[in-house]
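So you know, we letter chains A, B, ... as the sequences are listed, proteins then strands, and number each from 1.
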Amino acid sequence: MAVKLAAYDPQTIETKWYAFWEENGYFAARRDPSKKPHVIVMPPPNVTGRLHMGHALQDTVQDALTRLRRMQGYEALWMPGKDHAGIATQNVVERALKAAEGKSRHDLGREAFVEKCWEWVGEYGNIILDQKRRLGDSCDWGRERFTFDDAYVKAVQHVFVKLYDAGLIYRGEYLINWCPVDMTALSDEEVDNVERDGFLWYIRYPLEDGSGHLTIATTRPETMLGDAAIAVHPEDERYAHLIGKNAILPLLNRPIPIIADEYVKREFGAGALKVTPAHDKNDFEIGQKHGLECIGIMNLDATINAMGGPYAGLDRFVARERIVADLEALGLLDKTEPHKLTVPISSRSKAVIEPLISRQWFVRMKPLADPAVEAVRSGKVTFYPKRWENEYYRWLENIRDWCISRQLWWGHRIPVWYYPDAQGAIDESRPFLVSVEQPEPGMLQDEDVLDTWFSSWLWPFATLGWPQEKESIKQDLAYFYPGQVLVSGYDILFFWIARMIMAGQYFMGDIPYRDIFITGMIKDKQGRWMSKSLGNGIDPLEMIEQYGADAVRFSLTVLCAQGQDIKLDPTKFEMGRNFANKIWNAFNVFGQFMDEGVAYRRTRRFEDLELVERWMLTRLNQTIVEVNEDIDRYRLNDAITKIYTLFWGDFCDWYLELIKPAPGQAVAAETIALAVEIYEKLLQLLHPFMPFITEDLWWRLRTREAGDACISSAWPVSNPAEIDPSAVEALGLMQALISGIRNVKNEYNVSPGKEIEAILNLPAGANGLQQTMEANKRYFERLAKVKDLKVGVGQAKPKASASVVVGANEVYIPLAGMIDLSIERDRLNKEIAQKEQYVQAVLKKLGNESFVARAPAEVVQGERDKASQAEDELGRLRANLADLG
RNA sequence: GGGUCCUUAGCUCAGUUGGUUAGAGCGCUACGUUGACAUCGUAGAGGUCGGUGGUUCGAAUCCACUAGGACCCACCA
């Protein structure tokens with residue numbers, strides 16, 4: 001204290017205060033019946049993850065909400081953790097293994113490979129959580145969970161068993177999405193349909209009786225190896241005579257029936273469809289209907305199998321080329337047309353998905369989806385912004401069963417047990433048992449693991465210890481569940497957000513959170529997704545190092561408008577850095593005059609405060625109300641913008657400028673006391689968004705008890721007794737007049753530092769105002785360098801002076817010798833022209849009879865007031881112009 | 001094929017239930033090293049809110065159509 005602060009340096013304060021908070025337990029949440037809980041579960045990042053801008057944005061939001069509610073007296077729990085991320089982690093470890101030892105996972109074997117994964121997680125898995133600490137995340141690290149914790153694994157298996165017992169999980173052979181690169185089945189959600197340029201090949205199938213041929217069209221000729229039929233439309237006269245006959249499958253020379261099915265579109269292609277039940281969703285259904293054979297022609301790595309005859313062993317795309325060439329050589333290729341088609345792509349490996357028939361485990365979704373729809377419809381769960389509800393309904397109402405088994409090694413083993421056969425392999429002829437524990441010695445567990453999302457959909461309650469029966473866990477669940485709000489991007493709306501609502505209702509009997517705040521996604525400057533391959537990512541840690549965590553958080557909050565994607569450019573963080581610098585330096589204005597050990601407390605009554613002080617408190621109290629409303633509606637950008645304007649525009653630009661001492665003078669202790677009080681509240685308002693700088697400055701304001709930290713201080717409450725509209729009015733007038741005087745000086749090229757004379761002419765009857773202006777004329781001195789302002793009613797305008805008109809008030813500035821009449825005439829003419837245009841617009845409105853008749857009375861009156869004030873000002877401007885001669 | 005969102009100042013974007021002289025940051029122009037801050041201050045320029053039509057006393061805001069862009073979903077071979 002009493003010393004000017006060193007230059008603002010984010011790095012030093014950030015490490016210091018994070019350690020302080022964490023070590024002193026400020027982030028910890030415990031059951032406290034006297035407080036209301038406020039819970040946010042952090043979307044658990046993948047153990048393979050590194051902090052990206054999306055995390056930075058969402059964490060900033062979650063942390064701001066958590067810190068704010070904590071200050072408001074809630075028991076605020078932000079639950080952190082990490083996700084084992086099945087495929088992602090397995091891939092990363094496989095690559096590392098290849099690079100380090102040149103081995104594949106098969107070289108190691110399952111057990112050793114999983115061991116390697118654990119090693120990898122031990123070494124790198126916490127990186128992202130440490131990066132989150134750099135951002136300032138105030139989560140309760142003591143409760144950190146991992147989807148692979150022993151207890152969590154048990155919860156996942158428990159859920160599987162319960163759903164199986166309820167008939168909501170089943171095993172079956174269906175056409176599923178197979179990724180030939182990752183060698184696993186995938187859910188529909190993990191597949192992206194992308195449009196690609198391809199071809200439509202027209203292929204002749206000779207008729208068995210030698211009477212000619214039938215032409216079909218296909219985009220995937222290699223699948224013809226598995227054809228089981230040709231289908232035509234039952235009412236298609238062209239082909240009616242062929243129904244029931246056989247065609248010969250070219251290349252393999254296998255007879256296949258020609259069948260009729262209404263699915264066939266007569267106008268598409270050749271009007272005849274090859275049916276490959278084992279490799280196409282629609283064909284599968286047609287096959288079922290007509291009892292066709294499913295001829296699988298592909299191996300799991302997407303090479304052709306023995307069923308493909310001469311093409312066996314070839315990759316599917318090589319086989320395609322070969323087949324087209326062979327057909328052409330045989331004269332069986334009618335034509336080739338360019339064709340746009342949608343191709344299924346694995347969202348993870350980007351490989352083309354093959355629809356394959358495979359035995360997998362599925363969750364019956366309809367019974368789970370219906371209550372999830374109802375939860376939102378009934379208003380128990382609310383989306384911010386609202387529009388995401390439509391997307392949510394659309395998905396749930398058309399939901400399909402969820403394929404949850406994955407042919408991976410890194411994941412939760414499926415809790416299904418089989419008897420071994422004589423060779424020690426699974427004996428499929430005997431029934432399996434579904435159980436968390438091994439039911440009988442020697443039984444073999446299912447080889448497959450579960451979809452990662454099958455564990456994360458339990459996150460809101462499994463992290464609290466569910467389904468363990470311990471008393472403390474039950475109490476925690478009762479207290480902390482359900483949570484208040486989930487903050488996430490829309491990219492995982494179906495994967496995770498919707499499924500958590502299903503699981504919460506099914507297993508806990510209640511929704512997992514009341515609000516869902518969907519943030520926009522971070523894009524690059526040109527609006528493209530940030531990706532490694534494009535190299536257009538912005539690293540939040542680099543930004544934190546360059547600008548400071550508070551600056552990064554501030555800028556992200558400002559940019560985070562309701563659900564809009566954010567086109568980010570690193571220079572945006574300058575906004576936050578500049579503001580942090582401003583906050584830091586503002587302290588010096590009064591801080592440098594503070595004396596060590598003095599407890600600065602306000603002693604003056606509100607009524608006895610100076611005008612600018614009453615004005616500042618009024619602005620503060622008004623802003624608190626607005627900010628609270630904004631935050632309740634998740635409009636954090638509005639809230640932070642208002643605090644920013646309050647701090648920079650009101651506090652720094654006007655309040656601090658006016659309490660500054662004259663050169664060589666000190667600031668009065670009572671002035672400091674109020675400045676400390678206001679600054680302290682501003683720091684609190686800023687704290688949820690910019691925790692580090694505010695905590696640091698907080699401790700410089702007063703001697704504080706241990707534990708009296710900004711993070712745990714009580715959120716400011718608006719005091720209605722300290723709102724003074726007359727102060728706002730008076731200071732508002734002064735602001736306008738001072739700006740006007742500065743403008744005059746500027747136009748005349750009078751240096752801002754040069755002292756001038758001025759006369760303030762008030763309208764008749766403005767006695768109170770006259771007193772206020774008289775009493776505070778030093779504001780004009782201070783901010784516009786007006787030497788001894790003359791204030792009065794009916795003051796005459798000196799010859800050859802410039803004038804400023806604000807409402808019925810005028811300031812005359814005699815600029816003897818300096819005044820150039822033509823400059824002043826131009827200035828006044830310009831202002832008159834502007835004002836005339838305005839008056840005209842308002843009068844036109846008032847001249848409209850139906851406006852006067854139909855608009856609400858107060859709106860009409862408002863327009864009348866505007867007109868008369870503007871006309872009055874116009875009159876004064878004209879008079880001043882005429883006066884120039 | 002269905003659906004959602006975006007188009008507002010040179011740039012990036014706010015603008016809540018229709019009534020504001022349409023705002024912010026950056027950039028631009030002029031001036032300014034007055035004891036917090038040049039990561040700053042003061043003053044200023046800059047917009048017929050993509051287009052057309054409609055509803056209304058009144059539209060950036062509501063409706064319809066339309067142009068351009070982004071995204072989601074969908075089994076047309």
**Student:** If you measure from the C1' atom in B:G68 to the same atom in B:A74, how many Å do you get, rounded?
**Tutor:** 25 Å
**Student:** Using the 3.5 Å cut-off, write out each protein N or O paired with an N or O of nucleotides 59-64 of chain B and the distance between them.
**Tutor:**
none

**Student:** Does any donor-acceptor pair link the side chain of A:Lys745 with the base of B:A43 at a separation under 3.5 Å?
**Tutor:** no
**Student:** Can the ring centroids of A:Phe579 and A:Phe647 be said to lie less than 6.0 angstrom from one another?
**Tutor:** yes
**Student:** Provide the distance between the two C1' atoms, one in B:G54 and one in B:C13, to the nearest whole Å.
**Tutor:**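 Taking atom C1' in both B:G54 and B:C13, they lie 30 Å apart.
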**Student:** To the nearest Å, how far apart are A:Asn581 CG and B:U39 P?
**Tutor:** 8 Å
**Student:** Using a heavy-atom cut-off of 4.0 Å across all strands, would you classify A:Gly862 as base, sugar-phosphate, or nothing?
**Tutor:** nothing
**Student:** Report yes if the side chains of A:Glu873 and A:Tyr838 come closer than 4.5 Å at any heavy-atom pair, otherwise no.
**Tutor:** no
**Student:** For nucleotides 26-31 of chain B, list the nitrogen or oxygen atoms of the protein found under 3.5 Å from its nitrogen or oxygen atoms, one pair per line.
**Tutor:**
none

**Student:** Between A:Ile516 and A:Val376, is a side-chain contact (heavy atoms from CB on, under 4.5 Å) present by the stated rule, with each step listed?
**Tutor:** CA-CA 10 Å; A:Ile516 300 172; A:Val376 175; 5.7 Å; no
**Student:** With RNA chain B as reference, determine whether A:Gly664 or A:Trp648 sits nearer its 5' end, using the nearest nucleotide of each.
**Tutor:**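 Result: A:Gly664.
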**Student:** Write down the distance separating the C1' atoms in B:G69 and B:G50, rounded off to the nearest Å.
**Tutor:**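 Approximately 11 Å lies between the C1' atom of B:G69 and that of B:G50.
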**Student:** When the nearest nucleotide of RNA chain B is assigned to A:Asp653 and to A:Lys567 on a heavy-atom basis, which residue is associated with the more 5' position?
**Tutor:** A:Lys567
**Student:** For the P atoms, the ones on B:A64 and on B:C6, what distance do you get once it is rounded to whole angstrom?
**Tutor:** 14 Å
**Student:** Could you spell out the base pairing of RNA chain B as a dot-bracket line? Use Watson-Crick and G-U wobble contacts where both distances are under 3.5 Å, [ ] for crossing pairs, | for partners on a different strand.
**Tutor:** (((((((..((((.....[...)))).(((((.......))))).....(((((..]....))))))))))))....
**Student:** Give one of base, sugar-phosphate or nothing for A:Ala561, where a contact means two heavy atoms less than 4.0 Å apart.
**Tutor:** sugar-phosphate
**Student:** Check the orientation of A:Tyr490 and A:Trp388. Use parallel for under 30°, tilted for 30 to 60°, and perpendicular for over 60°.
**Tutor:**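 Plane angle under 30°, so parallel.
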**Student:** Which one, B:U4, B:A14, B:G19, comes nearest to the side chain of A:Arg387?
**Tutor:** B:U4
**Student:** Please name the pair of heavy atoms, one in A:Ala639 and one in A:Val627, separated by the smallest distance, quoted to 0.1 Å.
**Tutor:**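 Here A:Ala639 and A:Val627 meet closest at O-CG2, 3.9 Å.
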**Student:** Could you state the atom-to-atom distance from CG of A:Leu846 to C1' of B:G58 in whole Å?
**Tutor:** 12 Å
**Student:** Can a salt bridge be assigned to the pair A:Lys340 and A:Asp197 using a cut-off of 4.0 Å between side-chain N and carboxylate O?
**Tutor:** yes
**Student:** Can you tell me which nucleotide in B:A36, B:A43, B:U16 comes closest to the side chain of A:Lys642?
**Tutor:** B:U16
**Student:** Examine the side chains of A:Glu574 and A:Thr571 and answer whether a donor and an acceptor come within less than 3.5 Å of each other.
**Tutor:**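 There is no such pair between these side chains.
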**Student:** For residues A:Tyr634 and A:Gln562, is any side-chain donor paired with an opposing acceptor at under 3.5 Å?
**Tutor:** no
**Student:** Taking 4.0 angstrom as the limit, do A:Asp826 and A:Lys830 come out as a salt bridge?
**Tutor:**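 No, no charged N to carboxylate O under 4.0 Å.
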**Student:** Output one line per pair: protein atom, nucleotide atom from nucleotides 70-77 of chain B, and distance, for all N/O pairs under 3.5 Å.
**Tutor:**
from	atom 1	to	atom 2	distance (Å)
B:C72	O2'	A:Glu391	OE2	2.7
B:C72	O2'	A:Arg394	NH2	3.3
B:C73	O4'	A:Arg394	NH1	3.4
B:C73	O2'	A:Arg394	NH1	3.1
B:A74	OP1	A:Arg400	NH2	2.7
B:C75	OP1	A:Arg400	NH1	3.4
B:C75	O2'	A:Asn282	ND2	2.5
B:C75	N1	A:Asn282	OD1	3.2
B:C75	O2	A:Asn282	OD1	2.8
B:A77	N6	A:Lys265	O	3.0
B:A77	N6	A:Phe268	O	3.1
B:A77	N1	A:Lys265	N	3.2

**Student:** Do you see a donor-acceptor pair shorter than 3.5 Å between the side chains of A:Tyr174 and A:Asp401?
**Tutor:** no
**Student:** Can you tabulate the close N/O pairs, meaning under 3.5 Å, that link protein atoms to atoms of nucleotides 21-24 of chain B?
**Tutor:**
from	atom 1	to	atom 2	distance (Å)
B:U21	OP1	A:Tyr838	OH	3.2
B:U21	OP2	A:Lys866	NZ	2.7

**Student:** Any side-chain heavy atom of A:Leu556 sitting closer than 4.5 Å to one from A:Lys572?
**Tutor:**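 No, side chains not in contact.
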**Student:** Please list, chain by chain and in numerical order, all residues satisfying ring pair (Phe, Tyr, Trp, His ring centres under 6.0 Å) with A:Phe494, sequence neighbours excluded.
**Tutor:**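 A:Phe494: ring pair (Phe, Tyr, Trp, His ring centres under 6.0 Å) contacts with A:Trp395.
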**Student:** Taking all heavy atoms of A:Leu333 and all of A:Thr336, pick out the closest pair and write down the distance.
**Tutor:** CD2-OG1, 3.8 Å
